[in-house]
Amino acid sequence: MNKFLFLLLPFFSFAQQTTKIDFIECNASVVPHFETKTIDGTVVYKFQLLSEMDSIRIDAKNMYFSDVAINGTPVNYKNNKKEIILFEGYKKGANEVSFSYKAMPKQTLYFIGVGEGQQIWTQGQGKYTSNWLPSFDDVNEKVIFNMSVTYDSEFQVVSNGVLENKKNNQQEGTTLHQFKMEKPMASYLLMLVIGNFDYTKTYSRSRIPLEMYYQPKDINKLDFTYKESKTIFDFLENKIGVKYPWKIYRQIPVEDFLYAGMENTTSTIFAQDFVVDESGFNDRNYLNVNAHELAHQWFGDMVTAKSGKHHWLQEGFATYYALLAERKIFGDDYFYYAMYKNSMLLRKEAKTDTIPILNEKASSYSFYQKGAWALFVIQESIGEKNFKKAVKNYLKKYQFKNVETADFLNEIASISDLDIVKFQKEWLEDYHFPTEQVIYLLKKNEGIRTLFEIQAQKSKAFTDKEDFFTTIMKSNGFYALKKEIIYQVKEVPFLEKEALLHLAMRTNNIEVRQSVAETMNVIPASFLSEYESLLDDKSYDTKEITFTNLYKNFPENRSKYLELAKNWVGKNDKGLRILFLSYYLEFNSATATTSQYSQYYYELVDYTSPKYESSIRQNAFENALYLEPKNLKVLKNLVNATTHLKWQLVKYARDTIRTLLKKEGFRELFATIFPEVSDAEKFQLQRLLDEK
């Protein structure tokens with residue numbers, strides 16, 4: 001899973017069961033129902049009973065069962081709404097259990113959107129696939145999953161493995177999709193996506209099919225969304241030294257996804273926010289998430305940690321190999337600067353976070369960033385060639401199995417003289433961050449040495465460091481060095497640093513120019529023309545910063561700036577469009593009766609509705625409530641947001657309603673809309689109204 005998220009792997013309550021029984025294969029046929037947000041189907045599990053057992057348990061949350069049979073004979077069973085429990089009809093050796101089921105998932109399987117925009121998608125890690133398919137929350141139970149999915153023929157269906165067959169039922173307007181896997185995996189990696197998608201297809205150097213999905217409206221964003229995807233795949237396969245372990249690889253963006261990405265076996269799901277054009281790519285691209293989730297196909301999917309205590313074997317590896325992929329694309333300076341930023345974060349966290357990596361309660365920073373640093377230390381200690389050999393041996397030895405930290409470290413010890421006991425104590429069992437060792441490794445890079453030299457100038461007068469800074473600004477040095485300089489001279493009077501700012505602007509580097517935009521809250525008239533050129537940069541973030549500063553600094557030019565911005569849209573959150581609408585409506589509040597004003601106002605209000613993703617809605621709420629806090633439609637949409645699947649929007653909506661309820665007249669307004677909202681919304685609103 002991507003580094004922007006961490007959830008512990010499931011608690012292993014069935015460790016004893018996995019030693020006595022081996023579930024080998026699952027053949028499931030499912031039918032999701034969008035209108036009722038339910039799913040039903042039939043499941044057949046093949047399993048080997050290794051020794052006698054009183055009962056066999058399959059995780060199944062809030063499900064109903066029928067036609068339960070073992071080896072073709074109907075059997076009695078128990079259903080405690082957490083598991084289906086089997087206690088008769090099986091024998092030592094090979095067995096088969098079959099049943100039909102129906103579920104209304106409260107999590108893991110999500111139904112979003114309306115009409116052609118409807119999507120169904122899953123998130124299994126930390127949420128449990130057993131909410132929508134009877135399966136195993138214990139990651140040590142690995143099964144070959146073959147999924148058949150029937151749905152409306154107008155929509156694309158994606159699951160794990162190779163799509164072996166499609167059968168259309170013209171009379172019902174549905175299509176049966178049959179997916180097949182050849183190797184086993186943990187249940188949390190099972191996935192399903194349904195939506196209005198197209199895809200483009202290419203092949204890796206090793207001839208693995210690479211399918212890249214997109215919504216038809218985003219076809220012009222395809223190149224930048226999946227930029228360098230084939231390069232990343234080929235690089236990782238070569239760098240890891242083990243052939244990609246599956247038959248196909250897909251990537252599918254979905255709306256309102258809970259996290260940045262999820263490494264479901266053969267089929268990564270990622271957030272729609274990473275679907276970008278050129279300007280969006282410069283602000284926040286998919287490259288790191290792309291490489292991170294792909295690395296998990298080896299580290300996590302093929303070789304899976306036995307428990308949360310060893311979770312760094314998944315997230316640390318995925319984080320590190322994603323950084324290595326970015327090193328391949330962006331160069332050494334980029335890599336070392338990323339490692340430097342992570343080290344600064346970890347040093348800060350170590351002041352309050354006393355839980356080491358080898359603890360299932362460790363933070364995401366420990367599992368991800370510190371895990372990556374630990375691997376970098378090993379590689380630098382034993383050499384790149386030995387590191388690759390050890391990783392290759394580790395993956396080959398434990399492929400499609402479960403592992404713990406000792407399994408990996410023993411492979412390191414077998415091909416090097418690294419003291420793995422000392423390493424484990426310092427990096428995995430101690431929460432402190434080994435700063436001296438880290439600084440030594442970082443200083444191998446000239447760019448980092450120069451960065452430290454720049455930072456050492458902080459206490460000096462500008463005149464004493466101006467020549468040094470000017471030399472760097474004129475050089476071909478890494479952009480981060482030039483940004484560091486601009487931030488360092490933020491408080492220096494404009495006239496003193498004017499020449500340096502002109503040099504920064506002329507680097508034509510988006511990052512460096514953006515640092516100028518960020519650090520100039522007051523814009524001298526003599527610099528206006530050059531500052532305005534930032535509005536043309538291929539960065540939505542730069543445009544937003546620049547527009548806001550210009551609008552505030554030069555009231556006499558506001559009409560001009562609004563005219564320039566009237567066709568902006570921005571990133572997936574429509575940030576620039578909402579920025580324009582808000583400033584336009586505020587600027588033209590005296591002419592609120594005009595049709596243009598009304599059109600723009602209703603557009604802003606519409607963005608608060610459930611038709612849009614949470615990032616769009618929250619942005620629109622903030623601005624719409626500022627302009628007209630008592631608009632009933634906005635308040636109704638705010639109540640709706642309290643039932644959203646993303647906790648961030650739910651928290652925002654609840655906190656905002658709490659604030660509004662403290663103001664005069666709002667309790668009455670919410671009482672007015674109470675009869676018009678759904679039962680779920682009534683429940684959430686009543687809880688807020690009842691708070692003291």
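For clarity, every value in this text was computed on a predicted model and none was experimentally measured. What you see below is based on every heavy atom in this structure, not just the backbone, and it leaves out hydrogens, waters and symmetry mates. Along the sequence shown, the residues carry numbers beginning at 1.
- Using a 4.0 Å cut-off between a side-chain N of Lys or Arg and a carboxylate O of Asp or Glu, Arg205 and Glu237 do not qualify as a salt bridge.
- Residues Leu418 and Ile412 share a closest heavy-atom pair of CD2-CG2, 3.8 Å.
- Not counting sequence neighbours, the partners of Gln437 by the side-chain hydrogen bond (donor to acceptor under 3.5 Å, both in side chains) test are Trp427.
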| task | Assess whether ring-ring contact (aromatic ring centres under 6.0 Å, His included) is satisfied between Trp246 and Phe400, documenting all intermediate values. | result | CA-CA 11 Å; Trp246 320 100; Phe400 311 111; 5.4 Å; yes
| task | Kindly determine whether Thr304 and Tyr398 satisfy side chain to side chain donor-acceptor pair (under 3.5 Å), including the steps that lead there. | result | CA-CA 9 Å; Thr304 310; Tyr398 297 104; over 6 Å; no
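- One N or O on the side chain of Tyr101 and one on the backbone of Trp132 form a donor-acceptor pair closer than 3.5 Å.
- Looking at Phe408, Phe367, Trp298, Phe387 one by one, the single match for ring pair (Phe, Tyr, Trp, His ring centres under 6.0 Å) with Phe317 turns out to be Phe408.
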| Intermediate values then yes/no, ring-ring contact (aromatic ring centres under 6.0 Å, His included), Tyr188 and Tyr128 | CA-CA 6 Å; Tyr188 79 93; Tyr128 304 140; over 10 Å; no
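- Side-chain contact annotation: His292 with Glu315, donor-acceptor N/O pair under 3.5 Å present.
- Between the side chain of Asp407 and the backbone N or O of Glu404, at least one donor-acceptor pair lies under 3.5 Å.
- The nearest pair of heavy atoms linking Ser187 to Thr129 is O-OG1, 2.8 Å.
- Side-chain atoms of Thr108 never come within 3.5 Å of backbone atoms of Gly124 as a donor-acceptor pair (strictly under, hydrogens ignored).
- A donor-acceptor pair is defined here as one N or O able to donate and one able to accept, closer than 3.5 Å; no such pair exists between the side chain of Asp59 and the backbone of Glu83.
- Open room surrounds CD on Glu116; 12 or fewer heavy atoms of other groups in view lie less than 6.0 Å from it.
- In terms of modelled atom types and a separation under 3.5 Å, the side chain of Gln123 and the main chain of Leu258 share no donor-acceptor contact.
- Cation-pi geometry between Lys46 and Phe23 is not met: the NZ or CZ atom fails to fall both under 6.0 Å from the ring centre and inside 45° of the normal.
- Between Phe257 and Phe270, the distance from one ring center to the other does not fall under 6.0 angstrom.
- Every pair passing side chain to side chain donor-acceptor pair (under 3.5 Å) that includes a residue from residues 382-396 is listed here, sequence neighbours excluded: Lys239-Glu384.
- With salt bridges taken as basic N to acidic carboxylate O contacts below 4.0 Å, one links Asp137 and Lys61.
- The two atoms that bring Ser614 and Asp256 nearest to each other are OG-OD1, 2.7 Å, heavy atoms only.
- For the residue pair Val158 and Met191, the shortest heavy atom distance occurs at O-SD, 3.7 Å.
- For Phe197 and Tyr214, the distance between ring centers is not under 6.0 angstrom.
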| said: As a quick check of understanding, evaluate salt bridge (charged side-chain N to carboxylate O under 4.0 Å, His left out) for Lys328 and Asp234, giving each step before the final call. | reply: CA-CA 11 Å; Lys328 164 72 174 177; Asp234 291 339; over 6 Å; no
| message | Would Glu613 and Asn572 count as a side chain to side chain donor-acceptor pair (under 3.5 Å) here? Give the steps. | response | CA-CA 9 Å; Glu613 283 198 84; Asn572 193 59; 2.7 Å; yes
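- Checked against the 6.0 Å centroid criterion, the rings of Phe335 and Phe330 do not qualify as a close aromatic pair.
- Here the shortest heavy-atom pairing between Lys247 and Glu182 reads CE-OE1, 3.1 Å.
- Using the six-membered ring where Trp is involved, Tyr110 and Trp121 have ring planes that are tilted, between 30° and 60° apart.
- Side-chain N or O atoms of Ser98 include none that pairs as donor or acceptor with a backbone N or O of Val44 at under 3.5 Å.
- The backbone N or O of Ile58 sits nowhere less than 3.5 Å from a side-chain atom of Gln17 that would complete a donor-acceptor pair.
- The six-membered or imidazole ring of Tyr45 lies near that of Phe136, with a centre-to-centre distance under 6.0 Å.
- Using a distance-only test at 3.5 Å, with no hydrogens or angles considered, no donor-acceptor pair links the side chain of His310 to the main chain of Leu313.
- Of the residues listed (Thr150, Asn168, Asp152), the one engaging Thr175 in a side chain to side chain donor-acceptor pair (under 3.5 Å) is Asn168, and it is the only one.
- Looking at every heavy atom in both residues, Phe111 comes nearest to Pro32 through CE2-CB, 4.4 Å.
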| field | Check against side chain to side chain donor-acceptor pair (under 3.5 Å), Asn160 and Thr266 | value | CA-CA 6 Å; Asn160 309 81; Thr266 73; 4.6 Å; no
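- Look at Arg327 and Asp332 and you find a salt bridge, because one of the NZ, NE, NH1 or NH2 atoms lies within 4.0 Å of a carboxylate O, short of that distance.
- Using a distance-only test at 3.5 Å, with no hydrogens or angles considered, a donor-acceptor pair links the side chain of Lys142 to the main chain of Lys401.
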